[in-house]
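Numbering of residues begins at 1 and proceeds along the displayed sequence. As the structure lists them, so they are numbered: ligands from 1, and atoms in each ligand from 1.
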Amino acid sequence: MEVAKRLQGVGEYYFSKKLREIDALNQQGKNIINLGIGSPDLPPHPDVIKVLQEEAQKPNVHGYQNYKGSPVLRKAYADWYQGWYGVTLDPETEILPLIGSKEGIMHICMTYLNEGDKALVPNPGYPTYASNVKIAGGVTVSYELTAEHNYQPNLEALEANDLTGVKLMFVNYPQMPTGQQPDKTVFEKLVLFAKKHGILIVHDNPYSFILNDHPISFLSVAGAREVVIELNSLSKSHNMAGWRLGVLVGAADRINEVLRFKSNMDSGMFLPLQLAAAKALTLGKEWHDAVNAVYRERRQKVYELLDLLGCTYSKEQVGLFMWAAIPATYKDGYELADDILYNANVFITPGGIFGNAGDQYIRISLCGSTGRFEEAIKRVKEIKH
Ligand SMILES: Cc1ncc(COP(=O)(O)O)c(C=O)c1O
């Protein structure tokens with residue numbers, strides 16, 4: 001069957017293909033250690049699971065839910081934004097719960113892009129931005145993030161190009177995959193840039209609590225609400241990736257515009273799930289400190305593994321991954337990843353899947369026990385000596 005034109009140039013998601021290959025290798029008895037995917041392996045807080053269990057027992061919670069989400073959850077998001085980011089949001093009008101931030105990216109593209117409209121996407125960056133822009137009929141214009149420029153957008157270089165037709169700009173700090181921290185002065189410049197060129201900035205903020213002592217919302221910057229909407233997520237911050245809990249926050253008009261699309265696409269989430277999410281949002285600093293202590297310990301092992309591979313990297317990175325430049329002995333990150341996969345039975349993500357600016361890099365996820373990293377180090381040592 002011929003697929004719709006909108007899927008032309010949009011391949012199957014890299015990880016979906018690679019995981020099939022890893023499954024096949026495992027069936028041959030290879031026991032691959034997967035250091036690729038950023039799906040937290042630690043559980044959510046037990047109180048969160050308890051709320052889900054208790055609420056799910058009730059007879060009257062199984063019906064369709066409000067398209068805008070439960071008022072309890074919206075209020076919890078508002079309190080969370082106030083408490084952690086110092087951003088005041090109206091729970092009635094400025095908050096839209098989502099089934100994960102990934103679906104929000106699609107909703108935003110479908111809401112704002114006409115055929116041929118342009119969207120600026122980071123290179124390297126989360127591949128979903130570019131694929132969703134294309135599916136929605138838009139055209140991606142990639143902006144390069146380089147180590148020399150602290151992985152921040154070079155706005156002068158962008159302005160030197162024709163920005164006609166650019167409607168959206170995807171921005172993501174802490175940046176995935178480079179681990180670059182957010183910087184308020186960069187956000188301030190972006191607000192001016194967006195205002196000058198009539199661009200809506202979509203800030204994707206799922207990593208603000210991971211190994212990052214100062215969570216920042218883009219909306220805390222003066223004037224941002226006029227030109228910025230922000231996606232957030234409980235997937236990484238609360239170890240709830242499989243629960244599918246995200247949120248879009250921003251000016252009431254933007255929320256209503258996106259809701260016009262979203263309410264035609266799905267319905268509100270299962271109420272016990274929303275109430276459990278509300279509970280998660282009340283967790284304090286001790287929760288994040290405990291989770292981060294585990295990631296910090298693992299990161300030490302990742303440094304060891306990267307040193308063994310001859311990679312170079314910054315120790316200032318935040319978020320759930322380590323981004324590292326490969327040694328010159330490999331043509332690119334794909335070659336290194338294949339070498340390590342087929343010879344050491346360890347899967348590492350090649351940086352090129354995040355855009356060609358990542359070709360000379362690899363990305364290692366911190367989602368695995370210390371023991372798994374130790375085993376990966378042992379296997380890599382065996383092929384390197
Ligand atoms: C930068 C970025 N944005 C969004 C997502 C999707 O998160 P969610 O689970 O909320 O859909 C990911 C997941 O890996 C990500 O890395």
Side-chain angles (χ1 to χ4, degrees), residues 13-16 18-19 34-42 44 69 73 77 80 95-109 119-133 140 142-143 145 151 153 168-182 201-212 215-218 229-249 258 262 265-266 269 273-274 277 280-281 295 317-323 349 351 353-355 357-358 361 363-368:
Y13 197 56
Y14 172 85
F15 280 118
S16 133
K18 206 69 194 175
L19 287 180
N34 185 345
L35 303 182
I37 284 197
S39 180
D41 54 311
L42 299 170
L73 179 55
Y77 273 123
W80 188 60
I95 295 176
L96 180 60
L98 298 170
I99 308 171
S101 54
K102 190 174 184 184
E103 75 141 4
I105 297 167
M106 190 75 226
H107 294 332
I108 291 163
C109 291
L120 290 163
V121 296
N123 175 16
Y126 183 44
T128 298
Y129 309 137
S131 59
N132 286 7
V133 166
T140 57
S142 84
Y143 63 94
L145 302 176
Y151 296 115
L168 296 179
M169 177 177 193
F170 286 92
V171 174
N172 157 233
Y173 293 98
Q175 216 266 340
M176 199 292 297
T178 63
Q180 179 62 45
Q181 306 185 17
I201 290 181
V202 182
H203 183 236
D204 187 18
N205 197 14
Y207 294 104
S208 60
F209 291 89
I210 310 295
L211 295 174
N212 178 27
I216 295 182
S217 163
F218 204 140
I229 52 178
E230 182 164 273
L231 291 161
N232 217 317
S233 168
L234 301 198
S235 292
K236 330 281 177 176
S237 55
H238 295 80
N239 296 336
M240 296 169 84
W243 295 49
R244 312 309 301 130
L245 292 161
V247 69
L248 177 69
V249 299
V258 175
K262 179 174 159 63
M265 164 107 203
D266 60 36
M269 285 175 281
L273 198 79
Q274 298 194 52
L281 291 166
Y295 287 136
Q317 297 182 46
V318 297
L320 207 49
F321 306 96
M322 276 298 296
W323 181 245
T349 311
I353 72 155
F354 304 104
Y361 292 82
R363 188 198 76 170
I364 294 185
S365 161
L366 299 177
C367 300

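Here is the list of ligand 1 atoms found below 4.0 Å of a heavy atom in K236: 13 (C), 14 (O). Per-residue contacts place D204 under 4.0 angstrom from the following atoms of ligand 1 (heavy atoms of the residue considered): 1 (C), 2 (C), 3 (N), 4 (C). For ligand 1 and S233, the ligand atoms under 4.0 Å from any heavy atom of the residue are 8 (P), 10 (O). Listed by atom number, the atoms of ligand 1 under 4.0 Å from M176 heavy atoms are 1 (C), 16 (O).
Of the heavy atoms in E103, none comes closer than 4.0 Å to ligand 1. For K102, heavy-atom contacts with ligand 1 shorter than 4.0 Å involve the backbone as well as the side chain. Both the backbone and the side chain of S101 come within 4.0 Å of ligand 1, counting heavy atoms alone.
Evaluation of the ring-ring contact (aromatic ring centres under 6.0 Å, His included) rule for H203 yields F187, F218 as partners, not counting sequence neighbours. For Y207, the ring-ring contact (aromatic ring centres under 6.0 Å, His included) criterion is met by F321, not counting sequence neighbours.
Between W323 and F354, the ring-plane angle classifies as perpendicular under the 30° and 60° cut-offs.
Of the residues listed (Q317, Q180, Q181), the one engaging Y151 in a side-chain contact (heavy atoms from CB on, under 4.5 Å) is Q180, and it is the only one.
Using 4.0 Å as the threshold, Y129 has a heavy atom nearer than that to some atom of ligand 1.
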Practice prompt. Just do the side chain to side chain donor-acceptor pair (under 3.5 Å) check on D204 and Y129 with the steps written out, would you?
Written response: CA-CA 10 Å; D204 187 18; Y129 309 137; 2.6 Å; yes
